[in-house]
Amino acid sequence: MTAEGSSQIDNVMQESRLFPPTPEFVAKAKINSADAYQTLYDASIQDTEAFWGKLAEEELHWFRPFETVYEKTENGVGWFVEGQTNISYNCLDAQIEAGRGDKVAFIWEGEPGDHRQLTYRELHREVCRMANGLKKLGIEQGDRVSIYMPMTPELPVAMLACARIGAIHSVIFGGFSAEAIAERNNDAEAKLIITADGGWRRGKVLPLKNIVDQALSKSPSIESCLVLRRTENDIQMQAGRDVWMHDLLDEVDEDCPATPLDAETPLFILYTSGSTGKPKGIKHTTAGYSLYTKMSFKWVFDYQEDDIYWCTADCGWITGHSYMVYGPLANGATVLLYEGAPNHPAEDRFWDIVERHKVTILYTAPTAIRAFIKWGDEHVEKHDLSTLRLLGTVGEGINPEAWIWYHEKIGAERCPIVDTWWQTETGGIMMSPLPGAIPTKPGSCTKPLPGIIPTIVDEEGNPVDTNHGGMLCISKPWPGMLRGIWGDEARHQEQYWSKVPGMYLTGDNARLDNDGYYWIMGRIDDVINVSGHRLSTIEVESALVSHPKVAEAAAVGRPDEIKGQAIAVFVTAKDAEAGDELRQELKLHVRKEIGALAVPDDLRFTAALPKTRSGKIMRRLLRDIAAGKEATGDTTTLEDFSVLAQLRQDDE
Ligand code: PRX
């Protein structure tokens with residue numbers, strides 16, 4: 001068990017409060033009792049294939065019906081084999097056919113305060129135009145399209161347009177650097193990148209196109225660059241490569257029928273950090289992902305037709321894919337999108353948005369909640385939040401204090417909180433309370449969704465007893481599961497499917513309590529979670545050692561009040577220049593290599609790193625030092641005790 005795991009277990013063990021949903025919530029909920037959940041869950045487990053098969057028939061539109069619900073072949077898995085569907089059709093055309101043409105699909109608010117609304121009919125038209133634009137640029141089924149955009153409506157429009165014609169999107173979060181974009185373009189061999197002149201962040205322009213220009217000097221597969229005009233800052237347009245979006249879309253047709261796609265047609269690649277220096281391109285496919293995001297959205301958010309649903313994520317992360325675009329639209333929901341920062345122009349921006357747009361469901365991250373607590377209750381108290389009926393969290397565990405604050409200050413003790421555990425790889429939420437059915441416990445993601453069987457095992461792969469921590473695995477396939485790592489099947493098999501035979505290895509530790517509730521206890525590997533975003537310590541280390549003045553580096557996570565974890569690095573410099581100047585230079589270097597989100601919070605220089613006799617860096621000790629704790633762990637294999645003493649001294 002990791003150091004983080006053991007400290008978290010002490011923390012959560014003390015939490016025994018149980019919060020049932022209010023009678024008012026239950027009265028309207030679709031799944032409205034523990035028994036109703038159990039009946040649904042039991043049915044899903046007794047005959048899982050029949051369960052998913054029936055839902056797929058009822059909930060998705062098929063150009064051609066499927067013949068087999070699930071099969072495992074030499075080349076991987078197949079869900080809804082022989083069937084043909086299209087997620088863009090399910091999210092748009094099917095909604096218009098169901099009478100939602102004039103219903104608002106997206107309510108968008110830009111950071112400067114500009115607004116836009118798109119009904120399902122209008123969104124359909126925008127997606128068709130964009131899809132025709134993509135075709136005009138030579139994009140065909142199977143081509144990869146990188147998307148590096150601000151949170152404007154054109155971002156989900158671009159995703160849906162790719163999906164409409166079977167092109168594979170790879171959305172790259174706007175905080176990544178030119179190096180990181182180039183790495184992703186090259187790994188996916190993307191043909192097109194869609195970007196904007198800039199995006200608004202805390203009143204300033206983030207110069208996205210300039211960053212893309214740097215990336216494109218190292219991205220040989222990219223043939224064109226499509227540019228949205230957003231911030232009107234000066235940019236260079238390279239003739240023959242760069243195209244303004246408004247010019248391209250000016251002259252395209254407004255109709256573009258969705259292409260019938262085989263169920264396992266790749267839908268998107270999304271890069272995420274693993275325990276090596278190279279990000280993995282997680283691959284999801286069409287039909288299974290469509291069904292899983294649709295159903296999980298419906299169950300977890302107890303979705304009702306008149307809800308105004310706001311997920312505060314960015315489309316650059318999996319939450320933005322599954323629960324800002326595909327899951328909600330497939331249910332015909334009204335989704336609020338916000339471009340900017342939570343504290344611009346002031347710390348009450350989120351509550352102002354909730355009040356003005358009458359938001360009913362708010363889905364955000366613990367790191368944001370901790371920031372709100374720090375900013376003070378007065379920002380919340382200024383606003384009428386009485387339209388809210390349900391709250392959610394995602395990305396990392398929520399500490400009980402933050403949970404209680406969210407429950408009392410935002411939810412007025414009336415709104416259930418769904419603490420949703422899942423991953424980029426799982427495609428959708430795997431464990432979460434169904435809010436009308438399952439009483440919550442602060443800090444627990446409670447129970448599995450229908451069709452999901454979590455299993456906690458020890459190092460040998462044997463199931464552990466109740467209340468014992470162990471590796472969290474999933475012992476049955478589910479439709480939203482990843483279908484591979486782009487271009488690296490060996491890594492896919494090795495990381496997820498081979499350590500515990502027959503099961504999917506999540507990479508998280510977990511514990512099951514006496515009431516059958518699950519508690520996530522942090523990662524097994526060297527992945528840290530900064531503000532709900534996954535970062536590999538090795539990626540940060542690789543970036544540091546690529547600097548000519550660095551001999552060696554180790555990165556670890558340390559607890560942080562707001563971000564959950566902060567990045568602490570220990571650096572051995574090649575010569576004696578170690579000091580503030582080099583510290584600044586190295587931070588800038590990491591920003592350039594990966595992006596702002598990976599810049600170390602602490603950077604210490606050390607003459608040497610503590611290592612075992614076999615040469616492995618003793619990260620456990622570094623974690624203790626970074627956290628300001630005495631390194632009390634086992635040090636018998638530590639090669640050079642004086643290094644440890646030196647590191648502590650530097651701390652003082
Ligand atoms: O460690 C878990 C943590 O975030 C990891 C997945 O990160 P990513 O693929 O970036 O997806 C984040 C959004 C789904 C998990 O392996 N994690 C995510 N949600 C929770 C969580 N840890 C505890 N509780 C959660 N609710």
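Below, all heavy atoms of this structure are taken into account, side chains as well, without hydrogens, waters or symmetry copies. Read the numbers this way: they start at 1 and go in the same order the structure lists the ligands and their atoms. Positions are given from 1 along the sequence.
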For [X], what residues pass the side chain to side chain donor-acceptor pair (under 3.5 Å) criterion, not counting sequence neighbours?
X: S88; answer: R164
X: D513; answer: K441, W519
X: T455; answer: S475

How long is the straight-line distance from CD1 of I429 back to OH of Y292, given to the nearest 0.5 Å? 8.0 Å

Could you please provide the protein residues found below 4.0 Å of ligand 1 on a heavy-atom basis, arranged by chain and number? I318, T319, V394, G395, E396, G397, D419, T420, W421, W422, Q423, T424, D508, I520, R523, N529, R534

In terms of the angle between their ring planes, are Y323 and W422 parallel, tilted or perpendicular, with boundaries placed at 30° and 60°? perpendicular

Using 30° and 60° as the class limits, which term best fits the ring planes of W403 and H407: parallel, tilted or perpendicular? parallel

